[in-house]
Amino acid sequence: MNKPKIWLSSPHMGGKEQEFVKEAFDTNWVAPLGPNVDGLEQDLVAYTNSKHAAALSSGTSAIHLSLIMLGVGPGDFVLCQSFTFSASANPIVYQGAIPVFIDSEKDTWNMSPEYLEQAIIELMAKGQKPKAMIPVHLYGVPAKMEEIMSIASKYEIPVIEDAAEALGSSIEGKACGTFGQLGVLSFNGNKIITTSGGGALISESEEYINKARFLATQARDSAPHYQHSHIGYNYRMSNICAGIGRGQMLVLNDRVNQRRSNFEFYKNSFANVEGISFVNELPGSYANRWLTCILVDPLKTGGKTREDIRIDLERENIEWRPLWKPMHLQPIFEKYPFFGDGTSEKLFEQGLCLPSGSNLTESDLERVLAAIKKVLSV
Ligand SMILES: *Cc1c(COP(=O)(O)O)cnc(C)c1O
């Protein structure tokens, strides 16, 4: 018989979610607005210390609305971290704009400030100044925001900060998602907290957030009839999903602590194992450790590769994931410009995400560890 499945990152309810959902039913706020939507937005503002938040149907819609508000349109250039999930880049193409992919640096695996600046200089020399940039805090590890923001302000390019994987992460106590002009959060099913599906936009600017709410509810002008002077979208979060979100916000800090302790467990367990390495927090950074990832260097493991581990985990009924395949290597995106030196490609080749959910038990973690140690014969 198969051993029970160990999941990579499954939803983990706190207990109060159903109360908020029940209240929505009891008061008949089964609608794409209502007290839970307002409440979740207030919770997000309080937690991230941003000024304003709009709860939306997904993180992807938050990126799309950000690009629209920044005036990104056909033929415009948008700088985007290559090493990410496709949802960071897809909305650029929705707008008919051109993504320019930037490689990772080795310290945080996120957008390389060096290649970012090189791309800006080369594009500007051709009169193609980028309209926006999208750095990502991948796997919840904060990017080098100080460098990225100083490049952004030097060249006056607005930043859409993709913090979809990084709710609960911060740099010097400042929440990820609050560095750029616009910050993106996701509450998809496998993220650190979930609303089953959903996202949010956070910003210092009330104007952006009001505009996002307007665009996300079909862009209805204030008139007694249905009057439209903009193209609208149906991107608001439902009051039911927001109820789940309010319950999840109550346990967010516990979830971060649990994921960080999973990371510590793996890191300590592999401390003396040659050829297995992790991405570290920079000094002052605090990672939510959404997923714990390892790099497997076959030159140091006696020839054992990521693939050997993957095959064994599968046999043991343990869910795993490769690291994100960089966007500049994707069939749909490979025709677009790329600036880099192959760092993200190497991460993709050697990397593996381990089960990291906040609901894993100690014996789950031990099972994962034993499976990998068996492959490595350590
Ligand atoms: C999940 C994710 C998104 C998109 O969020 P959805 O809510 O799934 O639309 C965007 N960027 C990154 C890096 C993500 O991991």
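Atoms within each ligand, like the ligands themselves, are counted from 1 in listed order. Note that this is a predicted model, so its numbers are computed, not measured.
- Heavy atoms of Gly199 stay at 4.0 angstrom or farther from ligand 1.
- Both tests pass for Arg260 against the ring of Tyr286: distance under 6.0 Å to the centre and angle within 45° of the axis.
- Under a cutoff of 6.0 Å and an axis angle of 45°, Lys129 and Tyr155 do not form a cation-pi pair.
- Considering each of His64, Lys191, Glu165, the one bringing a non-hydrogen atom nearest atom 2 (C) of ligand 1 is Lys191.
- Remark: ligand 1 and Ala164 share no N or O pair separated by less than 3.5 Å (distance only, no angle test).
- With distances taken over non-hydrogen atoms, the option nearest atom 11 (N) of ligand 1 out of Val136, Asp162, Leu56 is Asp162.
- Residue pairs meeting the ring-ring contact (aromatic ring centres under 6.0 Å, His included) criterion with at least one partner in residues 22-76, sequence neighbours excluded, are His64-Tyr94, His64-Tyr233, His64-Tyr235.
- For Thr60, heavy-atom contacts with ligand 1 shorter than 4.0 Å involve the backbone as well as the side chain.
- When each of Val256, Asn190, Leu138 is paired with Trp290, the side chain to side chain contact (heavy atoms under 4.5 Å, CB included) condition holds for Asn190 and for no other.
- Annotation for ligand 1: atoms under 4.0 Å from non-hydrogen atoms of Ser88 are 11 (N), 13 (C).
- A salt bridge links Lys3 with Glu316: at least one charged nitrogen is closer than 4.0 Å to a carboxylate oxygen.
- Close contacts between ligand 1 and Gly198 involve ligand atoms 7 (O) [criterion: under 4.0 Å to a heavy atom].
- With ligand atoms numbered from 1 in the order given, ligand 1 contributes 3 (C), 4 (C), 10 (C) to contacts under 4.0 Å with heavy atoms of Ala87.
- Relative ring orientation between Phe270 and Tyr266 is described as parallel, the plane-to-plane angle staying below 30° on a 0-90° scale split at 30° and 60°.
- Contact atoms of ligand 1 toward Ser186: 1 (C), 5 (O), 6 (P), 7 (O), 8 (O) (distance under 4.0 Å to a heavy atom of the residue).
- Few gaps surround CD1 on Ile311; more than 12 heavy atoms of other groups in view lie less than 6.0 Å from it.
- At under 3.5 Å, not a single nitrogen or oxygen of Thr84, backbone or side chain, sits near a nitrogen or oxygen of ligand 1.
- Residue Asn188 places at least one N or O, backbone or side chain, under 3.5 Å from an N or O of ligand 1.
- At under 3.5 Å, not a single nitrogen or oxygen of Trp290, backbone or side chain, sits near a nitrogen or oxygen of ligand 1.
- Screening residues 22-46 for salt bridge (charged side-chain N to carboxylate O under 4.0 Å, His left out), with sequence neighbours left out, gives Lys22-Asp26, Glu41-Arg213, Glu41-Arg236.
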